[in-house]
2 protein chains.
Amino acid sequence: MDERRTDDRTDGDAEAAAVSRFVERFAAQLVQAGMTRMPARVFAALLSSEQGALTSAELSGQLKVSPAAVSGAVRYLAQVNLVSREREPGSRRERYRVQGDQWYNALLERDAFLRNWQTTMREGVEQFGLDTPQGRRINETLEFFLFLEKELGSLMQRWAAHRAEHLGS
Amino acid sequence: MDERRTDDRTDGDAEAAAVSRFVERFAAQLVQAGMTRMPARVFAALLSSEQGALTSAELSGQLKVSPAAVSGAVRYLAQVNLVSREREPGSRRERYRVQGDQWYNALLERDAFLRNWQTTMREGVEQFGLDTPQGRRINETLEFFLFLEKELGSLMQRWAAHRAEHLGS
DNA sequence: CTTTAACTTCACACATTTCTGAAAGAAGCG
DNA sequence: CGCTTCTTTCAGAAATGTGTGAAGTTAAAG
């Protein structure tokens with residue numbers, strides 16, 4: 001173990017820089033996977049925060065972006081259930097928190113995608129008919145999506161079990 | 001069954017329009033899932049083609065885009081193993097073909113993603129340490145990715161079995 | 001070895017996306 | 001009930017991405 005966290009707060013700046021490196025690197029990978037930049041950065045920052053929650057001002061400062069940008073990013077993240085909003089009682093400050101079951105939800109959200117794709121494929125099969133090569137090819141894709149939907153359900157159940165066994169929370 | 005394929009080639013235009021609708025719709029969904037537009041359109045067109053393969057000129061004409069655009073799209077698709085290039089012997093024409101195991105490969109390609117993410121998460125865990133909430137949170141994410149990698153492997157095996165059983169090819 | 005057909009590369013124009021600053025909108029506090 | 005503080009909305013500037021046309025490259029055919 002090298003220079004990680006020089007005991008609590010001996011050097012806040014270096015610590016902050018290290019956090020920033022991790023945040024930006026993770027965010028970049030999320031972007032690569034299709035997420036837009038600002039939501040990715042906000043999500044990474046929240047995941048790296050001690051409490052798993054930060055205020056708008058904290059995010060704005062840490063990521064060096066305007067409050068408006070944070071607002072937009074949070075709106076998106078809340079919509080896809082990766083982040084929840086908390087009103088701190090007795091203040092107009094709002095805290096944004098990463099969901100404990102973040103990726104779980106993110107994957108489940110893929111189900112909606114799969115449904116849409118299945119619909120499209122079904123229409124394709126109808127249009128071309130199973131007596132054409134195209135029709136059969138598209139039908140196989142449809143079968144794959146159906147298979148995937150079924151499998152992802154049980155996969156997430158196994159994850160929930162695995163998680164409960166290995167980790168307290 | 002309504003107006004699908006009025007027996008072979010009675011009305012090529014209407015048929016072409018119907019194909020185009022399917023292609024564009026499917027492409028739009030691929031775009032929504034993160035693929036760039038032109039590769040998505042090319043892939044959808046190939047999937048809907050009778051032979052599962054088209055020449056550059058055919059794609060260019062059908063999608064109403066320049067050869068340059070097709071070239072770029074195909075380069076990408078070949079890179080991610082969704083399409084293979086075939087040289088028609090005795091002609092400078094090239095045919096692009098959808099892989100039979102398209103989605104299979106697309107998913108396997110995700111493995112590379114997972115590895116990268118795992119690396120980043122491991123660094124995060126090291127940086128924060130398991131004695132911090134952040135560290136534990138990031139560690140759980142790492143565990144999830146490890147779990148996912150393992151599960152996806154067996155999932156694809158099951159698909160291969162399922163496919164072999166239900167379909168001839 | 002030249003011609004010609006097909007594909008590719010590259011610079012640029014157009015379109016889209018993304019973030020900011022300013023103004024308006026909520027919500028506690030005096 | 002108005003003041004203050006935080007958040008959101010919106011128009012526009014800046015950055016980014018995407019497809020085209022023209023020139024360049026490769027390879028078959030004469």
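By convention in this document, chain letters (A, B, ...) are assigned in the order of the sequence lines, proteins followed by strands, and residues within each chain are numbered from 1.
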Table please: side-chain donor-acceptor pairs of residues 38-49 of chain B below 3.5 Å, with sequence neighbours left out.
from   : atom 1 : to     : atom 2 : distance (Å)
R41(B) : NE     : E24(B) : OE1    : 3.3
R41(B) : NE     : E24(B) : OE2    : 3.1
R41(B) : NH2    : E24(B) : OE2    : 3.0
R41(B) : NH2    : L63(B) : O      : 3.0
S48(B) : OG     : A44(B) : O      : 2.8
S49(B) : OG     : L46(B) : O      : 2.7
S49(B) : OG     : G52(B) : N      : 3.0
S49(B) : OG     : A53(B) : N      : 3.1

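Proximity of the aromatic rings of W117(B) and F26(A) is defined here by a centroid distance below 6.0 angstrom, and this criterion is not met. Between W159(A) and F144(B), a ring centre-to-centre spacing shorter than 6.0 Å is recorded.
Within a 6.0 Å radius of CZ in R37(A), no more than 12 heavy atoms belonging to other residues, nucleotides or ligands are found.
In this structure, the CZ atom of R85(A) is 13 Å from the C1' atom of dC6(D), given to the nearest Å. Residue E58(B) contributes atom CD, which lies 12 Å from atom P of dA6(C) at whole-angstrom precision. Taking atom CD on E88(A) and atom C1' on dA27(C), their separation rounds to 14 Å, with Å as the unit. Atom pair R95(A):CZ and dT7(D):C1' shows a separation of 16 Å (rounding to whole Å applied). A straight line from CG of L59(B) to C1' of dA6(C) spans 14 Å, rounded to a whole angstrom.
Taking a cutoff of 4.0 Å between a charged side-chain nitrogen and a carboxylate oxygen, R97(B) and E86(B) qualify as a salt bridge.
Look at R93(A) and you won't find any side-chain N or O under 4.0 angstrom from OP1 or OP2 of dT4(D). Phosphate proximity of dC7(C) to S56(B): present, with a side-chain N or O under 4.0 Å from OP1 or OP2.
Along DNA chain C, the nucleotide closest to V70(A) and the one closest to V70(B) are compared, and the more 5′ of them pairs with V70(B).
Proximity of a side-chain donor or acceptor of R137(B) to a complementary backbone N or O of E50(A) within less than 3.5 Å is detected. A donor-acceptor pair under 3.5 Å is absent between the side-chain atoms of E94(A) and the main chain of S56(A), judged by distance alone. No donor-acceptor pair closer than 3.5 Å links the side chain of E149(B) to the backbone N or O of L114(B).
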**Complete:** Each nucleotide of nucleotides 19-30 of chain D classed B (base within 4.0 Å of a protein heavy atom), S (only sugar-phosphate) or -, in 5' to 3' order, makes SBB------SS-
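Across all strands, T36(B) comes closer than 4.0 Å only to sugar-phosphate atoms, never to a base (heavy-atom distances).
If you check residues 71-83 of chain B against DNA chain C, the residues with a heavy atom closer than 4.0 Å are S71(B), R75(B), listed by number.
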**Item:** Evaluation steps, salt bridge (charged side-chain N to carboxylate O under 4.0 Å, His left out), between R95(A) and E88(A)
**Value:** CA-CA 7 Å; R95(A) 314 199 100 211; E88(A) 281 191 71; 3.6 Å; yes
